[in-house]
Amino acid sequence: MLSDPLRSGEELAERAVENYRENFDSSPEVLSQAPGRLEILGNHTDYNNGYILSIALDLSVVIAAGQEDTSPRRLSAWSSGLNERVEAGLEEIRPAGDSWINYPLGVLREIRKSGSRLPSINLAIESSLPVGAGVSSSAALELATAEAAYGMLGGRPTTLLEQAQLCQRAENDFVGVPCGILDQFSSLFGLRDHVLFLDCDTLDYDRIALPGSEVAVVIADSGVQHELVDGKYAALRSHCRRATQKIGELLGREISSLRQVSLDEFLGCREQIDEEDRRRAEHVIRENSRVLEGVEALRRGDPGRLGELMLQSHSSSRDLFGNSCDELDFLIESATGLPGFIGGKLSGGGFGGATVNLVEQNAAVEFQQRLAEACSNRLAAPARTFLTKIGDGARLLGKPQSS
């Protein structure tokens, strides 16, 4: 579903319209766009009802979409990145094996469950998101699909949070990835030059301006593909769930998530918790504290402290949560000594993917080049680094111009 990275949004839209016309012999009705995301702090805290800090990227999925009155009703989607057209039925919506079409298909199922009637739908998909780099192309595809569907069919949810939750359900219940709401929230709520804060328990959120306008984002791809549906993500959730139950028993009160456990309470009973469950829980509990401290650093204009917290988060992911890898650790070690580096960490599910690095704008090009050189000398695959910035959230771009 993804194509070459770093195309402009305007170019993506033009390509999407062109490919729609070539594949479906008609013009699309609407254009939609949704960005990828990077997690700044809050690794695996979302499904533990904790706190997160994240950003939307100035890299995105763009969809040209249209509808037809055909029977039986079906979804037909063209991916420029995969050079592939896939179809799936909309009469009875079921997963199409392990195909990427399950992401838009799951969203359409949720939209139908909310009361909308689905016609046959065509999608032409373009993207500037780097493949396999952990920037949540799946959530971007889900949100872009939802925006296109609402643009054609109406029936938009009352709030943005409801829209994010709808796309999260599509990934949880249809695709089978037990993710929290981090990805969908970030892709939808993004605001240029702002960091997003979300309390995953109350769903209270804020958009906090990044201090100054001189911070760039460098994504460094480890070259290690991560597959969250292979069971590793679910296993981490199980460790957290078992730890939550055990801590509740030890404290003598009902606890539904690690969010409800203070660090002092955890330290007082941790020796009685299974070692692997204990380490996963300690990461989450300390990570929640790092997020709150990161919010305060942003509000007092201290990006340096935010960067220190990012490095602490990566170390915790490596040593306690177990979702880093040698390649990700090398990327962070290499970045730490380079000019302009503010902070960095693995982003998202882990087990591969990419690191996110906040870098002083005036040093960003040199930083990117030197990090790429270090990677090329160490990693097996050619290094991929991407210089970008914080972008806006998912939106309907409107109707394409007639040819």
Side-chain angles (χ1 to χ4, degrees), residues 39-54 178-182 185 195-206 208 232-324 329 332 342-350 356:
E39 163 206 309
I40 301 300
L41 285 171
N43 191 247
H44 285 260
T45 54
D46 56 349
Y47 57 79
N48 287 292
N49 288 347
Y51 307 108
I52 56 174
L53 281 177
S54 63
C179 64
I181 201 171
L182 164 67
F185 169 82
V195 178
L196 301 169
F197 168 73
L198 176 66
D199 181 333
C200 297
D201 183 31
T202 65
L203 297 183
D204 292 334
Y205 66 91
D206 197 4
I208 309 169
K232 293 180 180 178
Y233 192 99
L236 290 173
R237 291 194 66 151
S238 295
H239 288 301
C240 293
R241 188 166 51 249
R242 287 197 300 269
T244 300
Q245 182 179 357
K246 182 64 174 179
I247 293 170
E249 293 173 359
L250 294 170
L251 296 179
R253 72 172 195 266
E254 184 175 347
I255 295 174
S256 60
S257 71
L258 292 173
R259 157 69 176 279
Q260 299 171 316
V261 182
S262 71
L263 180 59
D264 286 343
E265 287 175 328
F266 171 77
L267 294 176
C269 67
R270 64 177 175 179
E271 297 305 321
Q272 301 175 69
I273 305 170
D274 174 83
E275 180 183 359
E276 194 164 6
D277 295 346
R278 178 178 72 238
R279 288 176 25 242
R280 307 313 184 225
E282 181 171 353
H283 165 79
V284 171
I285 292 168
R286 292 185 183 276
E287 187 78 347
N288 279 324
S289 297
R290 281 188 285 269
V291 173
L292 295 178
E293 190 173 347
V295 169
E296 292 306 310
L298 285 167
R299 288 179 173 154
R300 67 174 181 264
D302 187 359
R305 179 54 183 159
L306 179 66
E308 293 172 357
L309 293 166
M310 292 173 69
L311 288 172
Q312 291 175 18
S313 174
H314 182 84
S315 296
S316 181
S317 292
R318 179 193 64 212
D319 300 334
L320 293 175
F321 211 63
N323 64 325
S324 187
D329 296 340
I332 293 300
I342 298 172
K345 61 183 288 295
L346 65 81
S347 180
V356 51

Search all heavy atoms of Asp201 against all heavy atoms of Asn49 and return the closest pair with its distance. CB-O, 3.5 Å
Distance from Arg270 atom CZ to Ile247 atom CD1, nearest 0.5 Å? 11.5 Å
Check side-chain hydrogen bond (donor to acceptor under 3.5 Å, both in side chains) between Arg300 and all other residues, then give those that pass, not counting sequence neighbours. none
Between the CD1 atom in Ile208 and the CD atom in Glu296, the distance rounded to the nearest 0.5 Å is 8.5 Å
Taking the side chain as every heavy atom from C-beta outward, state whether Phe197 and Leu41 have any pair of such atoms under 4.5 Å apart. no
Distance, nearest 0.5 Å, that separates CG of Leu320 from OG of Ser315: 9.5 Å
Go through Thr244 and Arg241 one step at a time and tell me if the side-chain hydrogen bond (donor to acceptor under 3.5 Å, both in side chains) criterion holds. CA-CA 5 Å; Thr244 300; Arg241 188 166 51 249; over 6 Å; no
Just wondering, more than 12 heavy atoms not from Glu254 lying within 6.0 Å of its CD? no
On a heavy-atom basis, the closest approach of Val356 and Ser347 is CG1-CB, 4.0 Å
Arg253 versus Glu265: any side-chain heavy-atom pair under 4.5 Å? yes
NZ-SG distance between Lys246 and Cys269, expressed to the nearest 0.5 angstrom: 9.5 Å
Heavy-atom side-chain contact between Leu306 and Leu298 under 4.5 Å: yes
Among Arg286, Arg279, Arg280, Arg278, which residue satisfies the salt bridge (charged side-chain N to carboxylate O under 4.0 Å, His left out) criterion with Glu282? Arg286
In Å and rounded to the nearest 0.5 Å, what is the CD1 to CZ distance from Ile52 to Phe185? 6.0 Å
Search all heavy atoms of His283 against all heavy atoms of Ser313 and return the closest pair with its distance. CE1-O, 4.3 Å
If you define the side chain from C-beta out and look only at heavy atoms, does anything of Leu258 sit under 4.5 Å from Asn288? no
Is there a donor in the side chain of Arg290 and an acceptor in the side chain of Tyr51, or the other way round, less than 3.5 Å apart? no
Gap between atom CG of Asp319 and atom OG of Ser324 - 0.5 Å precision: 9.0 Å
Could you check if a side-chain atom of Ile40 sits within less than 4.5 angstrom of a side-chain atom of Met310, using non-hydrogen atoms only? yes
Can you tell if the side chain of Phe321 reaches within under 4.5 Å of the side chain of Val284, non-hydrogen atoms only? yes
Are Asn323 and Asn43 close enough that a side-chain donor and a side-chain acceptor fall under 3.5 Å? yes
How about His314 and Asp329: does a side-chain donor come under 3.5 Å of a side-chain acceptor? yes
So, Ser289 versus Glu293: side-chain donor-acceptor pair below 3.5 Å or not? no
Can you give me the closest heavy-atom contact between Ala281 and Phe266, atom names plus distance? CB-CE1, 4.1 Å
Atom of Ser54, atom of Leu182 and distance for their closest heavy-atom approach: CB-CD1, 3.8 Å
Quick one, His44 and Leu236 - any side-chain contact, counting heavy atoms below 4.5 Å? yes
Check Leu53 against Gly294 and note the closest heavy-atom contact, atom names and distance. CD1-C, 4.0 Å
Show, in sequence, the C-alpha distance, side-chain angles and deciding distance for Arg318 and Leu346, and conclude whether the side-chain contact (heavy atoms from CB on, under 4.5 Å) test is met. CA-CA 9 Å; Arg318 179 193 64 212; Leu346 65 81; over 6 Å; no
